[in-house]
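Heads up, the thing below is written out as structure tokens.
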Amino acid sequence: MKQILVLNSGSSSIKYELFDMDAAGALESGLVERIGEGESRLKQTLPASTPKSPSQSRSIEVSVPDHRQGMDLIRRALSENASFAGGQYLVGIGHRAVHGGETFSGPTLIDDHLIRTMEELVPLAPLHHPANLIGMEVARSAFPEVPQVAVFDTAYHQTLPPHAYRYAVPQTWYQRYGMRRYGFHGTSHAYVAKQVARHLGRPLAELNTIVFHLGNGASATAIRGGVSVDTSMGLTPLEGLVMGTRCGDLDPAILIHMGKESGMSVDQMDGVLNMQSGLKGLCGANDMREVLSMESNGDQAAALAVEMFVYRIKKYLGAYHAVLGRLDAVAFTAGIGEHSPQIRARSCSDLETLGIAIDPVLNTAVEPPICEIQTSDSRVKVLVVSTDEEFEIAEQTLACVQS
Ligand code: AMP
């Protein structure tokens, strides 16, 4: 048996998931949260033993002052799981890492050089990289004998051509400061594109797909033959679609104007655009379920927020259709993409001339993990796919340690 442990380290949490790679399934997942905040907690979930039985969860309140002790707690929790068998089958640990800049275009073994390079990239991901680096450090000392791999959210998009990744600003901004489109959600887009090809029984290399990852963060990617050729998020995850609390596309002059007129500092504007904008800025709620229910109760601000959300998706769908030329499939994934028939239907309404039509019955009877929802005469397949970023990280980690 080959097992891979996937870790996602945040500023006050560590998420983990242990996979049996031969069975392509999870053996355990969990989360240590509120690290260093006094009332920390370990949540542990063991999957159902049969498809009909429920999964088992437990939550333990425990003091976890720092990430090192959080990692120890995870190691102890794993050692209680008989399938872990003391770690004898653990062949690799995969770390979710946010920003690989232009340096990392695939999964990479973690060594001192990688750590130093990630430290140099901190200015590109000031909130995420320090937490990612702590996670790597504590996991390396907790499991010194196990190879560890960094899987970057940006890596999948390193295939973008320059005309898609450059911004039309002076060359020196790119050369000196690295101002370019990097793209994010790469593991999700890569995973979903592969699942679509597998489901349709077609080689990934022949398939042109647009993937919409619609969660609290949202992004679209144009994928030609399995390769990302354009994506909506940019230097940071702020660009592109309307999101839960992020604005998405914006005239950059708005910032200049607001800086002059309102006296807000750069940090304040950063906070507003990342945390107080998007659906939340438009109607006060960032959870799409709440926004849709407000809309159905006649809230005009919520109705506009939903309309802007689906309109932006439709714009990217049209643009990426043109980028790809021939379009074979559109895939919806993540919280909203997987669970909201209304958002899918409204995003794809009146697109028959582009060969895209959703069947209203199929759209409301979606069965995970993958389902087609187009009408019988829709030229383009439309699919709903359950994303699994952790499993994609595990697969990339295994491939990296085996090579
Ligand atoms: P994620 O970031 O992938 O966990 O997705 C979170 C988003 O999915 C939130 O905006 C949720 O409101 C949304 N979501 C989850 N379930 C539904 C649903 N049944 N209908 C609409 N939105 C949903």
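Counting starts at 1 for both ligands and their atoms, following the listed order.
- The residue from Met288, His185, Met243, His339 that puts a heavy atom closest to atom 9 (C) of ligand 1 is Met288.
- The two residues Cys400 and Pro107 make their nearest non-hydrogen contact at SG-O, 3.7 Å.
- Distance check on atom 4 (O) of ligand 1: every protein heavy atom falls at or beyond the 4.0 Å cut-off.
- A salt bridge is absent between Arg58 and Glu28: the closest approach of a Lys/Arg side-chain nitrogen to an acidic carboxylate oxygen does not fall below 4.0 angstrom.
- Ring pair Tyr182/His99: centre-to-centre distance below 6.0 Å.
- For atom 6 (C) of ligand 1, the closest heavy atom belonging to the protein is Asn216 N, 3.7 Å.
- Within ligand 1, the atoms closer than 4.0 Å to a non-hydrogen atom of Ile336 are 7 (C), 8 (O), 10 (O), 13 (C), numbered from 1 in the order shown.
- At a 3.5 angstrom cut-off on N or O pairs, His213 does not count as close to ligand 1.
- Protein heavy atom nearest atom 23 (C) of ligand 1, with residue, atom name and distance: Arg289 CG, 3.7 Å.
- In this structure, Arg180 is positioned above the aromatic face of Tyr165, its NZ or CZ under 6.0 Å from the six-membered ring centre and within 45° of the axis.
- Residue Gly335 holds the heavy atom nearest to atom 8 (O) of ligand 1 of all those in Ala218, Ser188, Gly335, Gly337.
- Put simply, the side chain of Ser378 gets close to the backbone of Ala357: a donor and an acceptor are under 3.5 Å apart.
- Residue Gly215 places no N or O, backbone or side chain, under 3.5 Å from any N or O of ligand 1.
- Going from atom OG of Ser83 over to atom CG of Leu27 covers 5.0 Å, rounded to the nearest 0.5 Å.
- Looking only at heavy atoms of the protein, atom 12 (O) of ligand 1 is closest to Asp287 OD1, 2.3 Å.
- When each atom of ligand 1 is checked for a heavy atom of Ser340 under 4.0 Å away, the hits are 20 (N), 21 (C).
- Of the charged side-chain nitrogens involved, none lies within less than 4.0 Å of a carboxylate oxygen, so that Lys15 and Glu390 do not count as a salt-bridged pair.
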